[in-house]
Amino acid sequence: MTTFSEDKKLTELSAAIDAVNRGERPDSQDKELRELAEVALLLKRSGPPPAAVAALADTLSGELAARTKRRRLWMTSGTAGTAAAVLLVIALNLNPAAPTPPPLAIPPTGSVVIEAIPSQPAPDTAQTEEAPLAKAEVKPQEKAEKRATMASEPAKAPEPAKQPEKTAEPAVAQVTARETPPTVAFLAWPGRQPERSAVDKSGAAVRQVYSVDSGEVVITQRATSRTTAAAVGEPKTAAVPDGGEPPVTKKADTKVNRVTATVKGFVVTVEGSQSEDELWKIAQSLE
Amino acid sequence: MVIRLPDEKTLITKAQQGDKAALESLIGRYWQPVFRLACLKTGNSEDAQEITQETFLKAFRALPGYRDTGASFKTYLGRIALNLVTDYWRKKGRAPQVMALADYQEPLADPAPLPEEGALSRERREGIAKLVGMLPAEQRRTVELRIFAGLSLQETAKLMGKTEAAVKMLQQRALKNLRRLFAEHGITS
């Protein structure tokens, strides 16, 4: 059983412990009480068991550091992979062996301005109607280059027309913007330079105007192929081997004569004030 | 001289990267309030010790994903501790205590600032912990609850199933024994 003074001391000690828990320093006149309060303060300042805290910190430090390392490694790998992909794309784009569009085949001599021939829009192709006309300047190249281009022309000819041709006129209207523009390659009148040339925006037809003594000679060419010829039936224009005697479609006109023939894979229409024989010779002389 | 601890955000950032000193600092700062909460909710200082350790393990393992969403780190720790207390009671086959909404909003009491001199050296802390372990079980538990956990006399008495007078007696005996042990081992304030 505790006496009153002992009970008072116990209560004062408890109050001192409460003060320590509040972060205050206990103050007492009683020496023993002051010493016990100092012990309580020391306990409080010692904090949690250091061994337990250190063990916890060790465990967590290892785990978190390893996780951070893994994350960094993952991010580094991701960055490296992205960089490699970008470099690969750049390398592929810079690769000289990559296929490039074939060069344009151009008129044999002189610098000519090529104007677009107004094409008749395809009935079902609004895009053709809205497409702007092409206008470009083409510089001359060597004749041999032109021949080489001509040799590969059948593969570059436009796709066959879906409807048979009604006239021997170049089927410029059949060319739509949806078709892949073929290489511009056409025949030329040797020894002469066209006064002006015009090419259909799809590149399927070319019109050259030559100035001669007796006026103008207009040569219109349209690339064709056997497929094209078969599709159109060639009722009025027969293809003939090079140098052969072609069937000719002649159109009489009081002022302007017109001759249409197939020469070297091209449907050629020659118009002019010359006689049909002369026009025919001009057509045959095209190279 | 008051030792100023580094800014909490700085400590958290460092701890996320596995900095041991930062981890120790954060654990030391919040050990008592977490332990106090666990003691209050479990009534057992040994189980509370385990829950406290588990709270820090869970909290820091999830720390890389911890974002400052407005809740303080103290609240973050407190919620983890409360969830562990709930699990503790479920494992014991008993319905977990009903938690007040305030418990989840601010489960941890602010750690009391250390009175002058600040923290002790690790050697002294280890020595003190060792001497506390030498106390009789009831006295040691009284010290853990009253001083380490910072519980009130009434709370300690309730948790220990004793009267307040008995707890007063136990804490006095414990402190007298520790005063002797400290003197024997050269530990002074």
Open item on the list: Test salt bridge (charged side-chain N to carboxylate O under 4.0 Å, His left out) on B:Arg29 and B:Glu8; report intermediate values, then the result.
Closed with: CA-CA 10 Å; B:Arg29 186 179 291 190; B:Glu8 187 171 275; 3.8 Å; yes
TODO: Evaluate the side-chain hydrogen bond (donor to acceptor under 3.5 Å, both in side chains) criterion for residues B:Thr75 and B:Ser72: first the C-alpha distance (whole Å), next the side-chain angles of each, then the deciding distance (0.1 Å), finally the verdict.
DONE: CA-CA 5 Å; B:Thr75 307; B:Ser72 66; 2.9 Å; yes
TODO: Evaluate the side chain to side chain contact (heavy atoms under 4.5 Å, CB included) criterion for residues A:Glu32 and B:Lys176: first the C-alpha distance (whole Å), next the side-chain angles of each, then the deciding distance (0.1 Å), finally the verdict.
DONE: CA-CA 9 Å; A:Glu32 187 180 30; B:Lys176 279 183 177 177; 3.0 Å; yes
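Annotation: maximal heavy-atom pairing with chain B below 4.5 Å, among A:Ala37, A:Ala40, A:Ala66, occurs at A:Ala40. Of all the listed residues (B:Ile147, B:Leu57, B:Val143), the one sharing the greatest number of non-hydrogen pairs under 4.5 Å with chain A is B:Ile147. The greatest number of non-hydrogen atom pairs below 4.5 Å with chain B, out of A:Leu36, A:Thr59, A:Val53, is found for A:Leu36.
Listed here is the closest heavy atom pair of B:Asp47 and B:Asn44: N-OD1, 3.1 Å. When all heavy atoms of B:Val34 and B:Ala81 are compared, the closest pair comes out as CG1-CB, 4.2 Å.
Note on ring orientation: taking the six-membered ring where Trp is involved, the planes of B:Phe73 and B:Tyr76 are tilted (angle from 30° to 60°).
Within residues 153-162 of chain B, the residues having any heavy atom closer than 4.5 Å to a heavy atom of chain A are B:Leu153, listed by residue number. Among residues 129-142 of chain B, the residues having any heavy atom closer than 4.5 Å to a heavy atom of chain A are, in sequence order, B:Ala129, B:Val132.
Look at A:Arg34 and A:Glu38 and you find no salt bridge, because none of the NZ, NE, NH1 or NH2 atoms lies under 4.0 Å from a carboxylate O.
For B:Trp31 (side chain) and B:Phe148 (main-chain N/O), no donor-acceptor pair under 3.5 Å exists by modelled atom type. With B:Ser25 contributing its side chain and B:Ala22 its backbone, the two residues share no donor-acceptor pair below 3.5 Å.
Contact of B:Phe182 with chain A is made through the side chain alone, with heavy-atom distances under 4.5 Å. Of the atoms belonging to B:Ala15, it is backbone heavy atoms, and not side-chain ones, that fall under 4.5 Å from chain A. Only the side chain of B:Gln49 comes within less than 4.5 Å of a heavy atom of chain A; its backbone N, CA, C and O stay farther away. Heavy-atom distances place no part of B:Val167 under 4.5 Å from chain A, backbone and side chain included. Interface remark: A:Ala54 contributes backbone and side-chain atoms alike to the contact with chain B (heavy atom separation under 4.5 Å).
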Return a table of donor-acceptor pairs under 3.5 angstrom between the side chains of residues 11-20 of chain A and protein atoms on other chains or two or more places apart.
{"residue": "A:Thr11", "atom": "OG1", "partner": "A:Asp7", "partner atom": "O", "Å": "2.9"}
{"residue": "A:Thr11", "atom": "OG1", "partner": "B:Lys168", "partner atom": "NZ", "Å": "3.0"}
{"residue": "A:Ser14", "atom": "OG", "partner": "B:Arg146", "partner atom": "NH2", "Å": "2.9"}
{"residue": "A:Ser14", "atom": "OG", "partner": "B:Gln171", "partner atom": "NE2", "Å": "3.1"}
{"residue": "A:Asp18", "atom": "OD1", "partner": "B:Arg146", "partner atom": "NH1", "Å": "2.8"}
{"residue": "A:Asp18", "atom": "OD1", "partner": "B:Arg146", "partner atom": "NH2", "Å": "3.1"}

Got a list of side-chain donor-acceptor pairs under 3.5 Å for residues 77-85 of chain A, not counting sequence neighbours?
{"residue": "A:Ser77", "atom": "OG", "partner": "A:Leu73", "partner atom": "O", "Å": "2.8"}
{"residue": "A:Thr79", "atom": "OG1", "partner": "A:Met75", "partner atom": "O", "Å": "2.7"}
{"residue": "A:Thr82", "atom": "OG1", "partner": "A:Gly78", "partner atom": "O", "Å": "2.8"}

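Side-chain atoms of B:Gln32 and A:Lys44 form a donor-acceptor pair, as typed in the model, at a separation below 3.5 Å.
Put simply, the side chain of A:Glu6 does not reach to within 4.5 Å of the side chain of A:Leu10, judged on heavy atoms.
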